[in-house]
Amino acid sequence: MSAAFKFAKEGGRVVSYAVRAVAFLHLFSMNVYEFSSTSGDSMLPTLQVSNDYAIVDKRYKYGRNVKIGDVIVARKPNAPESWVCKRITGMAGDIILIDPSKGTLTGLDDDDWSEMKEIKTREEIEHSDNYNNYVIVPEGHCWVTGDNLTDSVDSRTYSVLPMGLISGKITHAWYIPHLWPIGDQYLRELENGYKPEHPTERNQGR
Amino acid sequence: MTFTNYSALKYTLKQTLVFLSWVPVLYVINEHVAFVGVVEGLSMKPTLNPESNGAKLDHVVLWKWNCKSIQNLNVNDVVFLRSPINPETVYVKRIKAKQGDLVVPRYPDTRSRVLVPVNHLWVEGDNIHSIDSNTYGPISSGLIIGKAVYIIWPWTRIGPIPTGGRECRESRLSERGG
């Protein structure tokens with residue numbers, strides 16, 4: 001009897017410590033720093049397809065102090081349970097040319113839900129040139145694209161991203177191909193990718 | 001003399017540390033399960049904050065568990081959401097249409113019909129003087145912070161959230177012949 005009681009008490013103690021430890025880690029990873037794996041080829045020259053780990057600075061949550069050219073982690077507006085990692089290529093007030101290289105919009109059967117626009121007839125949609133258009137980024141939003149434009153689902157599909165969906169900015173990335181730390185791994189700082197084209201813009205980026 | 005002081009100090013320190021170690025647990029519960037939300041502003045009048053002087057702010061139970069998934073959000077639910085215009089502010093609005101609904105918008109929106117995209121919601125304030133989806137369009141369900149389920153303060157108003165607002169889905173409007 002007393003042995004069983006002692007066992008239960010010790011078990012409760014262990015569970016209580018575990019709950020507090022997990023909660024603390026969660027608080028830390030929500031508000032300070034998070035270390036998480038990335039996958040996919042939409043950020044290809046910057047982040048590897050697999051085995052790449054991102055160090056996310058959560059002080060940039062909700063887009064606080066983010067600048068054009070930063071790599072951010074955000075919830076996908078049209079699928080909030082999934083997270084994407086993209087580069088900011090337009091801030092509020094910027095006028096964006098969506099993507100003239102895509103030509104006319106094809107494959108509408110898959111993603112016409114994601115277009116934020118007035119309802120049109122199917123014929124009108126098929127004959128309009130949706131990607132060869134300009135968008136003004138509204139207040140509190142930003143324009144995000146992957147670095148690998150040919151294989152990226154980004155603002156060109158789901159339009160502007162509300163800053164409230166941003167969870168942090170990736171400051172470092174760590175490529176760890178093997179569980180055992182031998183040779184190939186490397187840690188690098190992700191740079192702001194904004195290159196101003198006009199000399200007068202030069203001070204705005206960084 | 002020092003012996004007693006020392007043990008009392010040790011006891012206090014230990015209790016403080018035990019309390020501090022539970023703070024993250026409280027944080028996780030407040031962030032992911034439930035919390036108390038305070039309604040500010042008049043955009044939900046007369047459902048919430050019916051008195052215009054703003055002296056008695058309504059406090060509601062804010063249910064946060066799994067609230068970002070569209071399956072758990074229904075038309076006529078009152079929700080707290082992160083503003084799409086300024087992410088540092090929080091709005092209280094009522095869901096008026098979900099993904100796939102055709103909406104008949106009102107004043108600031110000049111379009112005749114709006115289609116709500118997948119995983120998006122159309123939100124409006126019960127007060128006609130409200131900055132809502134008629135200004136900023138449909139919002140992603142990822143911006144939802146929680147669902148208001150019960151008024152708990154002031155005590156004269158304890159009870160479930162009353163209904164309110166207008167019908168704006170075109171399918172329902174045509175059913176009623178209007």
Side-chain angles (χ1 to χ4, degrees), chain A residues 13 15-32 60-66 72-84 92 110-121 125 137-142 157-167, chain B residues 17-32 66-73 80-91 99-105 109-121 131 133 135-145 170:
Chain A
R13 229 171 127 87
V15 169
S16 147
Y17 281 136
V19 164
R20 280 179 272 176
V22 168
F24 178 77
L25 280 178
H26 182 79
L27 188 144
F28 187 83
S29 73
M30 287 282 282
N31 294 295
V32 192
Y60 293 87
K61 203 167 158 181
Y62 311 136
R64 288 172 189 147
N65 304 321
V66 293
I72 52 105
V73 178
R75 282 181 190 274
K76 203 173 175 176
N78 58 5
E81 66 283 355
S82 62
W83 297 88
V84 293
D110 302 328
D111 56 13
D112 57 347
W113 281 119
S114 54
E115 298 294 314
M116 283 207 197
K117 57 172 181 279
E118 191 174 358
I119 186 78
K120 292 174 178 171
T121 66
I125 293 171
V137 182
E139 191 66 27
H141 291 67
C142 59
T157 311
Y158 47 71
S159 193
V160 290
L161 175 90
M163 291 276 207
L165 296 181
I166 295 177
S167 82
Chain B
L17 282 176
V18 167
F19 173 74
L20 281 179
S21 73
W22 284 101
V23 168
V25 179
L26 283 176
Y27 169 84
V28 170
I29 292 169
N30 292 345
E31 197 73 1
H32 295 287
N66 232 345
C67 68
K68 286 181 194 329
S69 82
I70 197 107
Q71 291 85 355
N72 296 336
L73 297 164
F80 281 52
L81 60 117
R82 205 157 278 288
S83 158
I85 300 169
N86 174 13
E88 301 297 334
T89 59
V90 173
Y91 288 159
Q99 53 180 11
D101 288 332
L102 257 187
V103 168
V104 184
D109 198 328
T110 51
R111 295 176 283 187
S112 61
R113 297 288 183 275
V114 181
L115 179 61
V116 183
V118 69
N119 282 318
H120 280 63
L121 304 159
I131 296 168
S133 278
T135 309
Y136 45 72
I139 58 134
S140 167
S141 69
L143 289 171
I144 301 289
I145 294 170
E170 197 199 35

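Throughout, a chain's letter reflects where its sequence line sits, starting with A, and its residues are numbered from 1. None of the values given here were measured: they were computed from a predicted structure.
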Next item on the list: Identify which part of Arg75(A) has an atom lying under 4.5 Å from any heavy atom of chain B, answering side chain, backbone, both or neither.
Entry: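 The answer is the side chain of Arg75(A).
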
Check: Do His26(A) and Pro24(B) have side-chain heavy atoms sitting under 4.5 Å apart?
Finding: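 Not in contact.
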
Note to self: Any heavy-atom pair between the side chains of Tyr91(B) and Ile85(B) that's under 4.5 Å?
What the structure shows: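 In contact.
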
Check: What residue, out of Lys61(A), Glu81(A), Met30(A), has the most heavy-atom pairs lying under 4.5 Å from chain B?
Finding: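 It is Met30(A).
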
Margin query: Between Ser141(B) and chain A, with a heavy-atom cut-off of 4.5 Å, which part of the residue counts as in contact: side chain, backbone, both or neither?
Written below: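 Its backbone and side chain both get close to chain A.
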
Would you compute the distance between atom [atom1] of [X] and atom [atom2] of [Y] and round it to the nearest 0.5 angstrom?
X	Y	atom1	atom2	answer
Trp83(A)	Leu165(A)	CH2	CG	8.5 Å
Ile144(B)	Lys68(B)	CD1	NZ	8.0 Å
Leu81(B)	Thr89(B)	CG	OG1	9.0 Å

Item checked: Between Arg82(B), Glu88(B), Glu31(B), the one whose heavy-atom pairs under 4.5 Å with chain A are most numerous ->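 Highest number of pairs under 4.5 Å: Arg82(B).
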
Check: For chain A, which of Val28(B), Leu26(B), Val23(B) has the most heavy-atom pairs under 4.5 Å?
Finding: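 So the answer, after comparing Val28(B), Leu26(B), Val23(B), is Val28(B).
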
